[in-house]
Amino acid sequence: MRVSRFFMPLMKETPAEAQIVSHRLMLRAGMIRQQSAGIYSWLPLGKRVLAKIENIVREEQNRAGAIEVLMPTLQSADLWRESGRYDAYGAEMLRITDRHEREMLYGPTNEEMITDIFRSSVKSYRQLPLNLYHIQWKFRDEVRPRFGVMRGREFLMKDAYSFDLDPEKARIAYRKMFIAYLRTFARMGLKSVPMRADTGPIGGDLSHEFIVLAETGESQVFCHRDLIEMPVPGADFDYEGDLEGVFNQRTSLYAATEEMHDAAAFGALPADKQVTARGIEVGHIFYFGTKYSKSMGAKVAGPDGTDVTVEMGSYGIGVSRLMGAIIEASHDDAGIVWPESVAPFDLGLINLKSGDSATDGACSKIYAALTAAGRDVLYDDTDERAGTKFASMDLIGLPWQVIVGPKGVANGEVEVKNRRSGERETLSVDAAIKRFAERPSF
RNA sequence: CGGGGCGUAGCGCAGUCUGGUAGCGCAUCUGCUUUGGGAGCAGAGGGUCGCGUGUUCGAAUCACGCCGCCCCGACCA
């Protein structure tokens, strides 16, 4: 993509309403635009990152055996009356009436709907276990939206729902998601820590929040230091094999959010293992048994022919919130520092002297070669000054910059800069092409 | 939902107290000069001053009502 043809409205100054760094940087980098309190348009750069995050979530859900569906944003109130939540949910639920005076709502979550889909189609225990998920917009009419996309009213969420024959099998489903979440966040360059959580109004007795540590996090968290750097299972992890090992390794160490905090237990840890930090909740998993299956009649025939009410769990990831969390965890004074896995482009190509036949030629060659090799290149071909281009490229945070200036090109050389470390390396044009064309990690 | 604050050009702001017909910086457009870390000079365009009602010869400015947005707290993916 050429910058001259792209839509990327950068801002030099920060809009007054943005208080936290991720919100400021997303606005300045032209990733989002606020349309109402807690409601945002996603501009091209933001849309690209959102898609990257979404895909990682999707890949890890699929890997763990969950199956993707897509449910609507609008739901019928009748469904929610069955579970009893239509009245219980309160003002956070956006209620809508259609032209026939039918009561509808913009879904804040989908337990009722997925249970409805399940009960109408699944009749035998032989079809279990089943885990269905979708990635869809949600609306929760927060009293006080804030922090940009971190606490919006409309947000993109991955929500998965597991169905099992008995509590023991449901716990296996729970552990699969637990491990999938560890991998999902790690792939985005985040250090996440699962913490025992209150099950809240959703009910149930087993729940973990996945917390990303960041100074600007909303909640105070406490955990054992070893949890932070603990390696996550690899891509070859066998979800049909031993799940308890990973699960127990994580859950045996102290980790709790403020509301679940046990000061005495925490204080019993060695002093150098006690970590008190701020955290951002990016995922939340629940096992809640038959809360919805019972009220909504989701039953299957068991091995002995009698009906069994299925055991359920739900597993959420705040996809749009993750973008804010990643920026909170990865930025510097100059702007965003994207992990390669979620960067809107793989690298930025800076032509320091557009209009100069030598730099234009070198840039065209690099751009064409890397694009042909499947790299997403953002080519700054504008006639802005060098300083402006450097500042813009740093702001939007692409992990690599290839800088093409007249002096270097005269020697057949370009400069490669790593956005995170700031390290620069001078390479020949061909070596630079080779470096990125063959780079396997993209 | 309690408390506080703010709505003036795309963004950041001054002007409001003390009413007289709107300004600064950045951005944008044109030209010239510049060209490796957000350039300089010259010129230009862009605003029903959030909306409504009222007071007044006259309202961005005063009064009343409404809407929107932000911050602190309580609540929450």
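Below, chain A is the first sequence line, B the second, and so on; all start at residue 1. Note that the structure is a prediction, hence the values are computed from the model and not measured.
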Review point. Which part of the nucleic acid does A:Arg153 contact within heavy-atom distance under 4.0 Å: base, sugar-phosphate only, or nothing?
Key: nothing
Check your understanding: How is A:Ser392 classified with respect to the nucleic acid when contacts are heavy atoms under 4.0 Å: base, sugar-phosphate, or nothing?
Key -> base
**Study point:** Distance, P atom - from B:C62 to B:C26, rounded to whole angstrom
**Key:** 30 Å
Check your understanding: Which nucleotide, B:G38, B:G36, B:A39, lies nearest any side-chain atom of A:Arg385?
Key -> B:A39
Practice item. Take atom P in B:G46 and the same atom in B:U53, then report the distance between them in whole Å. Key: 27 Å
Review point. For A:Tyr181 and B:A77, what is the distance between atoms OH and P respectively, to the nearest whole Å?
Key: 13 Å
Review point. Can you say whether the rings of A:Tyr367 and A:Tyr379 are parallel (under 30°), tilted (30 to 60°) or perpendicular (over 60°)?
Key: tilted
Review point. Hey, does A:Arg33 reach any base, or is it just sugar-phosphate, or nothing, if we go heavy atoms under 4.0 Å?
Key: nothing
Exercise for review: Could you check how far CE of A:Met93 sits from C1' of B:A77, rounded to whole Å?
Suggested key: 16 Å
Study note, to complete from the structure: note: A:Asp383, atom CG; B:A39, atom P; distance rounded to Å ~ 13 Å
Review point. Looking at A:Phe237, is A:Arg63 sitting on its ring face, NZ or CZ under 6.0 Å from the six-membered ring centre and within 45 degrees of the normal?
Key: no
Exercise for review: Among B:G12, B:A77, B:G36, find the nucleotide with the atom closest to the side chain of A:Glu415.
Suggested key: B:G36
Check your understanding: Roughly how far apart, to the nearest Å, are B:U8 and B:A59 at atom C1'?
Key -> 14 Å
**Study point:** Polar pair under 3.5 Å, donor/acceptor by atom type, side chain A:Arg28, base B:G10
**Key:** no
Point to revise | Between P of B:G36 and CD1 of A:Ile403, the distance in whole Å | key: 13 Å
Point to revise | Side-chain donor-acceptor pair present, A:Thr359, A:Asn351, cut-off under 3.5 Å | key: yes
Check your understanding: In terms of side-chain geometry, is the basic nitrogen of A:Glu311 or A:Lys169 positioned less than 4.0 Å from the acidic oxygen of its partner?
Key -> no
Practice item. Write down the distance separating the C1' atoms in B:U56 and B:G20, rounded off to the nearest Å. Key: 12 Å
Study note, to complete from the structure: On RNA chain B, more 5' by nearest nucleotide between A:Pro15 and A:Gly283 is A:Pro15
Exercise for review: For A:Glu17 and B:C13, give me the distance from atom CD to atom C1', rounded to whole Å.
Suggested key: 14 Å
Exercise for review: Could you measure between the two C1' atoms, the one in B:A63 and the one in B:C17, and give it in whole Å?
Suggested key: 15 Å
Exercise for review: Please work out if A:Ala386 contacts a base, only the sugar-phosphate, or nothing of the nucleic acid, heavy-atom cut-off 4.0 Å.
Suggested key: sugar-phosphate
Point to revise | Distance, P atom - from B:G43 to B:C24, rounded to whole angstrom | key: 13 Å
Check your understanding: Which part of the nucleic acid does A:Gly316 contact within heavy-atom distance under 4.0 Å: base, sugar-phosphate only, or nothing?
Key -> nothing
Check your understanding: Would you call A:Phe390 stacked on B:G36, i.e. ring centres under 5.5 Å apart with the planes less than 30° off parallel?
Key -> no
Point to revise | Separation between the C1' atoms of B:G45 and B:C51, rounded to whole Å | key: 27 Å
Review point. Rounded to the nearest Å, what distance is computed from the CD atom of residue A:Glu111 to the P atom of nucleotide B:A77?
Key: 11 Å
Check your understanding: On a whole-Å scale, what distance lies between the P atoms belonging to B:G65 and B:G25?
Key -> 39 Å
Review point. Checking only heavy atoms, does the side chain of A:Glu384 share a donor-acceptor pair with the base of B:G38 at less than 3.5 Å?
Key: no
Exercise for review: For the residue pair A:Phe345 and A:Phe6, categorise the inter-ring angle as parallel (less than 30°), tilted (30 to 60°) or perpendicular (more than 60°).
Suggested key: perpendicular
Review point. From the list B:A77, B:C26, B:C71, which nucleotide is the closest neighbour of the side chain of A:Arg146?
Key: B:C71
**Study point:** A:Glu229 side chain vs A:Lys191 backbone, donor-acceptor pair below 3.5 Å
**Key:** no
